[in-house]
Amino acid sequence: MARVAKTSAFRRTMRRAALPALGLTIMAFFGAYAVLGPNGILAYGDYKKQLVRREKQFAALDQKRAVLKNRVALLDPDHANPDMVDEMVRKELNVAHPDEVIVPLK
């Protein structure tokens with residue numbers, strides 16, 4: 001006699017629902033990660049704040065670079081600015097007459 005395994009209706013329903021339930025669980029996980037994750041939709045506001053902050057830093061550094069570029073141009077060996085050369089020599093060598101007053105610009 002062949003033995004026929006009778007399964008309950010509950011087990012049959014659970015087997016049929018397992019694969020779709022697993023698929024929905026995986027989709028829910030990735031959906032939540034897309035919203036709440038480090039690169040998700042909610043992190044977008046933080047990225048915008050960081051971008052504004054970095055743009056301000058870039059503007060300050062760009063201005064500082066322009067000042068330094070101007071000073072380098074004034075110290076060009078081919079046509080150096082005499083005032084700038086005098087200032088640099090006095091600053092580096094600490095040379096000044098006793099009656100002179102050196103006023104640093106920055």
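Using a 4.5 Å cut-off between side-chain heavy atoms of Ile, Leu, Val, Met, Phe, Trp and Tyr, with links allowed through other members, V89 and L75 fall into the same hydrophobic cluster. Under the 4.5 Å side-chain heavy-atom criterion for grouping Ile, Leu, Val, Met, Phe, Trp and Tyr, V35 is not connected to M27 through any hydrophobic cluster.
The two residues A43 and G37 have their closest heavy-atom pair at CB-O, 4.1 Å. Across all non-hydrogen atoms, the minimal contact from P38 to Y47 is O-OH, 3.1 Å.
When V67, L68, V72, L74 are each tested for a side chain to side chain contact (heavy atoms under 4.5 Å, CB included) with N70, only one passes: L74.
The CD1 atom of I41 sits 9.0 Å away from atom CG of L36, with the distance rounded to the nearest 0.5 Å.
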Name each donor-acceptor pair under 3.5 Å that joins a side chain in residues 52-64 to protein atoms two or more places apart or in another chain, with its distance.
unit_1: D62; atom_1: OD1; unit_2: R65; atom_2: NE; d: 3.4
unit_1: D62; atom_1: OD1; unit_2: R65; atom_2: NH2; d: 2.6

